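Following: one structure in structure tokens, then a few remarks.
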Amino acid sequence: MNEKEVMQIEQTRMANVYAKKNLVITRGKGATLWDINGREYIDCMGSYGVAIVGHCHPKVVEAIKQQSETLISCHGSMYNDSRSRLLEKLVQITPTGLDKAFLSNSGAEAVECAIKLARKQSGKKEVIAMMGAYHGKTMGALSATWDKKYRDPFLPLVPGFKHVPYGNPERLRDAATADTAAMLVEPIQGEGGVRVPPQGYLNEVREICDEKQILMIADEVQTGFGRTGKIFACEHSKVIPDIMCLAKAVGGGLPLGITIARQDVMSSLKLGEHSTTFGGNPLVCAAASAAIDVLITERLAERAAELGAHFIKRLERLQAEHSIVREVRGVGLMIGVETRFDVLNILQKLMAGGIIALDAGRNIVRFLPPLVISREQLDTVANSMDKVLTEEEDERLRGSATG
Ligand SMILES: Cc1ncc(COP(=O)(O)O)c(C=O)c1O
């Protein structure tokens, strides 16, 4: 199939719910992607934050090969060695006390389970989420997601959800009632625009939850697995939630969602109250175990901290030089550049120059590269940003001069 044929089939046969880039990707290695014509790209999108250990990491590939020759599917109602190995590895890296997991297939599912768990364990109904939050698009997760454009076409959503301003502990405290089961929070908001809350915020969320006997759910679907320079972003504040949601990178590139909680919390779900056919299948578990090994042995969280600091410094220099840049923010290799205008042009120009980046809202360029990206690749990205921002500024100046 050639480029045109691939695009045509997806446009005709696939639900039209993704804003497609004009790109047919056929191969990946580390932080590099190739299109169907052999053109090379630096990947700063990482499949929306999935490719933390890099594309086709040899250890993950080997684990998938081996497991696929042994056993691919095995329902959760039977024991399996690959699944047990993953669970053991997982609790080595999760915060102390979070050691009983439900395995599913996506971030939204990890959140769904957390919501059910919170209601079941507490016997209460309400969940307080944050303005700007993104937790996925299934009905429960969508009820916690903030953006109207995702919610409004599907009303009514699940009752019992309310939203308070992100980063504001007072409003959170005021919103709690005797029927509040959980507070659901992203340590850094990803889709909401790479929003880093004020220092101490997560500690205050924890305090309010303790004081009012409310469960704290941390959605680490995007921030987890080394992305922010710690294995989990909650570690920056030394906060341990009661329930943590993981997905994206944890499967080494395969679909895996994880809801992990304290024993006493997870044990409130009784036989048959929650399940999913594919959750924790041997193939995904083998890939996830390999990905955890890579995360630890290649010290990817430390790498994210070092490379992220370097890249942010380079981007901050651009902010000083380009008036269209309003702010550079982020932690580790989860970085946003807020501009004064829509970023669509910037993203398209970056792509034309061989760099794939993301948006996060209308005016934010977001970088979620694999943590194995090289310093040289990040420098190339910074140089391209410089060029593209200069072009954008020139065009806008010309536009306003003639307009
Ligand atoms: C914080 C957060 N939670 C949940 C989700 C939903 O994950 P999925 O798309 O795998 O359902 C996302 C996806 O971007 C996310 O960033």
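Numbers here are sequence positions counted from 1. Remember, it's 1-based here, ligands and their atoms both numbered in the order they're listed. The basis for the numbers below is simple: all heavy atoms, side chains too, and nothing from hydrogens, waters or symmetry mates. Owing to the predicted nature of the structure, the values given are computational and were not obtained by experimental measurement.
Side-chain N or O atoms of Lys124 include one that pairs as donor or acceptor with a backbone N or O of Thr180 at under 3.5 Å.
Counting only N and O atoms by type, the side chains of Thr390 and Glu393 include no donor and acceptor under 3.5 Å apart. Between Gln66 and Glu62, the side chains place a donor N or O and an acceptor N or O closer than 3.5 Å (distance only, hydrogens not considered). Side-chain N/O atoms of Ser268 and Glu273 include no donor and acceptor closer than 3.5 Å. When only modelled atom types and interatomic distance are considered, His57 and Glu298 share a side-chain donor-acceptor pair under 3.5 Å.
Within a 6.0 Å radius of NZ in Lys387, other residues, nucleotides and ligands contribute 12 heavy atoms or fewer.
The 4.0 Å heavy-atom shell around ligand 1 contains residues Ser106, Gly107, Ala108, Tyr134, His135, Gly136, Glu186, Glu191, Asp219, Val221, Gln222, Lys248, ordered by chain and number.
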